[in-house]
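Below: the structure, in structure tokens.
On a predicted model such as this, the values are computed, not experimentally measured, just so you know. All residue numbers refer to positions in the sequence shown, counting from 1.
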Amino acid sequence: MQQFYDSVILYHLISQLSEKIYNSLDKGTKLLRFTLPFPMLAYPFYLWSRSPGKKGSHFDPNSDLFVESERKDIITSTACWTAMVALLGVLSFVMGPVQLIKLYIVPYWIFVMWLDLVTYLHHHGHEDKLPWYRGKEWSYLRGGLTTLDRDYGWINNIHHDIGTHVIHHLFPQIPHYHLVEATEAARPVFGKYYKEPNKSGPLPFHLLGSLIRSMKKDHYVSDTGDVVYYQTDPKLYGPSESDSST
């Protein structure tokens, strides 16, 4: 559980690459990171090795991700993960690999893709550029206010209303069944710092546009400055049609 909690909190940092680290990546790696659907499959790999420029693993109790008091929890968690993998291996022989794929592997990857999508879109993809704060410019309040609320239509209740992400970041102790009313109460206080989410139909197909736009534009942040914004690598997908016509 500790591994899962830490990874969900930290996972959105996967796409916050510094310019130096971004430039050190080969073209293939860049394309994988910013070409759908590959980024939506990254969560298990992040657990193993984190993102470029960051060391450690969520399965290693000696990783600098964790403090000494958490070491026993990570050992227990990793042992449980190992036991689950062993159980899946046994089930593949008992049930057959096709049954295992249908009953476990496919639902697992659907979960991974949805987790990646939700986590990413609560921190990226707004029409206005959102700042990232560093050093003295960063504060708990500023960090919370640069997250985004999203409307998932019929899926809101299934999510325990986690679409109300800003209030969740600022006051994580609020239970999920009070998030909507807490957001309504706090919205007038937030004022211009609150980004109103686009209303969804029954299913949140509108979020695909935000995701695609962000993948095309939000590539890296400058190595300098305490308030930085995502920048675009114009060479990532090759020259645009307008460039090639000149």
Side-chain angles (χ1 to χ4, degrees), residues 2 5-25 29-30 33-34 39 42-43 46 49-56 58 63-67 70 115-151 162-174 179 182-198 207 210-211 213-236:
Q2 182 66 40
Y5 176 80
D6 286 337
S7 61
V8 170
I9 296 299
L10 294 170
Y11 179 60
H12 68 274
L13 295 176
I14 260 188
S15 292
Q16 191 210 1
L17 292 174
S18 69
E19 186 173 4
K20 180 179 179 180
I21 293 176
Y22 179 84
N23 289 333
S24 71
L25 302 177
T29 301
K30 292 176 183 176
R33 289 176 63 82
F34 297 104
Y43 176 68
Y46 170 74
S49 59
R50 302 180 73 190
S51 54
K54 299 179 184 295
K55 297 181 179 180
H58 289 75
S63 171
D64 60 6
L65 278 165
F66 312 111
V67 297
E70 296 172 323
L115 176 65
D116 285 6
L117 175 72
V118 169
T119 306
Y120 185 90
L121 285 176
H122 281 302
H123 304 89
H124 308 81
H126 196 269
E127 291 80 359
D128 300 326
K129 287 189 174 183
L130 297 177
W132 287 85
Y133 298 106
R134 295 174 176 151
K136 295 181 179 179
E137 293 292 336
W138 185 89
S139 68
Y140 185 84
L141 178 61
R142 273 186 157 183
L145 289 175
T146 52
T147 60
L148 299 167
D149 279 2
R150 297 291 188 181
D151 183 8
I162 198 57
T164 53
H165 207 68
V166 176
I167 201 73
H168 165 71
H169 260 277
L170 295 175
F171 305 101
Q173 69 273 24
I174 296 178
L179 287 174
T183 298
E184 292 299 323
R187 184 183 282 116
V189 180
F190 292 156
K192 65 179 182 179
Y193 297 103
Y194 181 77
K195 305 294 189 296
E196 193 74 35
N198 294 327
L207 293 178
S210 298
L211 177 64
R213 181 176 62 251
S214 180
M215 287 290 164
K216 289 182 177 180
K217 294 184 177 181
D218 300 336
H219 297 152
Y220 61 87
V221 296
S222 174
D223 293 315
T224 59
D226 288 339
V227 181
V228 294
Y229 295 84
Y230 276 117
Q231 298 183 41
T232 302
D233 177 5
K235 299 178 181 179
L236 181 59

>> Thr183: which residues meet the side chain to side chain contact (heavy atoms under 4.5 Å, CB included) condition with it, sequence neighbours left out?
In response: Asp149, Thr164, Ile167, Arg187, Tyr194

> Do you know which two heavy atoms are closest between Leu207 and Arg150, and how far apart they sit?
Replying inline: CD2-CD, 3.8 Å

>> For a quick check under 3.5 Å, do Ser214 and Tyr120 share a side-chain donor-acceptor pair by atom type?
In response: yes

>> Checking Asp233 now: which residues fulfil side-chain hydrogen bond (donor to acceptor under 3.5 Å, both in side chains) with it, not counting sequence neighbours?
In response: Tyr22

> Taking all atoms of both residues into account, what is the closest heavy-atom pair of Gly144 and Val166, and its distance?
Replying inline: O-CG1, 3.8 Å

>> Please give me the minimum heavy-atom distance between Thr232 and Lys217, naming the atom from each residue.
In response: OG1-O, 2.7 Å

>> Could you work out, with side-chain hydrogen bond (donor to acceptor under 3.5 Å, both in side chains) as the rule, every residue matching Thr147, not counting sequence neighbours?
In response: none

>> So, using side-chain hydrogen bond (donor to acceptor under 3.5 Å, both in side chains) as the criterion, who are the partners of Thr224 when residues are at least two apart?
In response: Ser222

>> Minimum heavy-atom separation for Asp223 and Ser18, please, with both atom names.
In response: OD1-CB, 3.1 Å

>> Could you check whether any side-chain heavy atom of Leu141 comes within less than 4.5 Å of a side-chain heavy atom of Leu170, counting everything from C-beta outward?
In response: yes

> Where is the tightest heavy-atom contact between Asp116 and Ala42, given as atom of each residue plus distance?
Replying inline: OD2-N, 3.2 Å

> Taking only residues at least two apart or on different chains, which pairs with a member in residues 124-133 satisfy salt bridge (Lys or Arg N to Asp or Glu O under 4.0 Å)?
Replying inline: Glu127-Arg213

> What pairs with His122 under side-chain hydrogen bond (donor to acceptor under 3.5 Å, both in side chains), at least two apart in sequence or on another chain?
Replying inline: Tyr152

> For Glu137, which residues count as a salt bridge (charged side-chain N to carboxylate O under 4.0 Å, His left out) partner, sequence neighbours excluded?
Replying inline: Arg142

> With sequence neighbours excluded, what pairs up with Ser24 under the side chain to side chain contact (heavy atoms under 4.5 Å, CB included) test?
Replying inline: Ile21

> With Val189, which residues qualify under side chain to side chain contact (heavy atoms under 4.5 Å, CB included), at least two apart?
Replying inline: none

> Can you tell me if Tyr230 and His124 form a side-chain donor-acceptor pair at under 3.5 Å?
Replying inline: yes

>> Tell me if the centroids of the rings in His219 and Phe34 come within less than 6.0 Å of each other.
In response: yes

